[in-house]
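Here's the structure, in structure tokens; my notes come after.
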Amino acid sequence: LAAAYVAIVDVRRLFPFISSARGSARPSWRWNVGQLSRAFPFAVAASTEIGLQNLPLLLVSALVTNRVVVAQWGLTRVVAGLVRLLCLQISLPLAAELGHDRAIGASEPLRRLYARGSVLVTLLASGVVSGLLAFWQDFFALWTRGAIPYDLLLTFTLLIGAEIVAPAALALSYSYYSDRGELLARTKGLQLVAFVVLALLLTPWMGLLGMALAVVASDLAVQFGILASVVIWGTLERPARHVMFLIMLMAVMTAFGWGLGVAIRLALPLSGLARFAAECALWLAVMALVGSPLMNARLRRRLAERIPG
């Protein structure tokens, strides 16, 4: 849609020349129509992505009659959407640089940056999810004042699903910067169809958990299984090793952060808002202490060189 807007602006800028020179009008309009046709797959993919973010709540409202359950889904979906948004935001500047490297044919910097950027997005998602799994229950109780029940299985499904597909956020952003409009339109359209089918089948049978499984399954099968796989296999020299490395990184980071959060929750004797604030502050302090060796540039360089790409 943004590309279509740019094309329209170009038409307005060319309008005085079109009115004064009839011979140049036809090529100018053809050029703008060509630009719109090239932008159309990207517009379809972006519109489908927006639909996938909002359609789950609409389907839950239509298929579930209990309004408390609908509110429970909406609040839990917020935290999963936060993880996805953070991954998308950190992937955008990386994707712009990746698109530049691809445009100039710098294959080695492209491969190296993609491998390291994928690890960075994965670390961010794993760290955030590990903390949310530990402390989201306390925040949920404070936020809703106990009026809406907390569903651990629903939260776990949505958060772990958002974490697993986090590397696909970089592949998605990079696809917009590397002229993969056809791939984006096809995969996003397929993901929308897969989600709707799974949601209509699972939600009446399993409730909110069925909707969560539909969201996670469509993300894994299409956005990660097709889109991210095509991008990773086409960019890296050792894609299988890289994916296994990301899986191991997710498991270690999530287990450590979640276990630390559970230990902190059991150790603190406070209650209410003071307890939640103390939990978060102590968890952040310990995580910062554990990650402090990464402040050393030489150590970071050595670790980055060991990332399989």
Side-chain angles (χ1 to χ4, degrees), residues 41-42 45 48-49 52 83-84 86-130 159-191 194-195 215-255 294 300-309:
F42 294 96
T48 307
E49 180 69 17
L52 287 169
V83 177
R84 299 172 67 97
L86 288 174
C87 294
L88 181 62
Q89 289 299 316
I90 198 174
S91 68
L92 287 177
L94 295 171
E97 186 66 24
L98 290 169
H100 173 266
D101 290 343
R102 186 174 188 269
I104 65 176
S107 57
E108 182 62 24
L110 171 65
R111 180 186 61 81
R112 184 170 58 250
L113 179 60
Y114 190 93
R116 297 178 181 182
S118 183
V119 170
L120 179 62
V121 174
T122 302
L123 281 174
L124 173 67
S126 301
V128 173
V129 167
S130 65
L159 286 178
I160 294 298
E163 178 187 0
I164 293 175
V165 300
L170 181 59
L172 177 65
S173 299
Y174 174 45
S175 297
Y176 281 99
Y177 284 91
S178 57
D179 196 20
R180 289 185 169 96
E182 185 177 354
L183 175 64
L184 282 169
R186 288 183 178 181
T187 52
K188 281 301 174 182
L190 180 60
Q191 183 180 356
F195 164 72
V215 172
V216 174
S218 60
D219 276 342
L220 284 175
V222 182
Q223 182 157 312
F224 190 88
I226 298 178
L227 176 62
S229 296
V230 169
V231 174
I232 291 174
W233 257 256
T235 305
L236 303 180
E237 293 181 353
R238 295 172 291 178
R241 289 185 59 184
H242 183 76
V243 172
M244 294 302 298
F245 180 79
L246 294 181
I247 294 174
M248 181 189 67
L249 195 63
M250 288 182 194
V252 173
M253 186 71 179
T254 305
L294 295 176
R300 289 200 309 271
R301 192 182 311 111
R302 290 179 178 177
L303 293 176
E305 291 173 355
R306 295 181 178 273
I307 296 175

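All heavy atoms count here, side chains included; hydrogens, waters and symmetry mates do not. Counting from 1, the numbers follow the sequence of the chain as shown.
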- Test: Glu305 and Arg302 ion pair at under 4.0 Å: no

- Item | Option among Asp101, Leu98, Leu94 that satisfies the side-chain contact (heavy atoms from CB on, under 4.5 Å) test with Tyr114 | Leu98

- Message: I need the single residue from Val230, Val222, Leu172 that forms a side-chain contact (heavy atoms from CB on, under 4.5 Å) with Thr187. Which is it?
- Response: Val222

- Under 6.0 Å from the CZ atom of Arg186, do we count more than 12 heavy atoms belonging to anything else shown? no

- Query: With distance as the sole test, does Thr254 use its side chain to make a donor-acceptor pair with the main-chain N or O of Ala251 at under 3.5 Å?
  - Reply: no

- Counting N and O atoms only, with roles assigned by atom type, does the side chain of Arg111 sit under 3.5 Å from a partner on the main chain of Leu236, one being a donor and the other an acceptor? no

- Could you go step by step and tell me if Glu163 and Val83 meet the side chain to side chain contact (heavy atoms under 4.5 Å, CB included) rule? CA-CA 7 Å; Glu163 178 187 0; Val83 177; 5.6 Å; no

- Answer whether the closest heavy-atom distance between the side chains of Gln223 and Glu49 falls below 4.5 Å. yes

- Got a sec, which residues hit side-chain hydrogen bond (donor to acceptor under 3.5 Å, both in side chains) with Arg84, two or more places apart in sequence or on another chain? Asp219

Gap separating the [atom1] atom of [X] from the [atom2] atom of [Y], nearest 0.5 angstrom:
| X | Y | atom1 | atom2 | result |
| --- | --- | --- | --- | --- |
| Ile232 | Phe224 | CD1 | CZ | 5.0 Å |
| Ile90 | Leu120 | CD1 | CG | 4.0 Å |
| Thr48 | Leu184 | OG1 | CG | 10.0 Å |

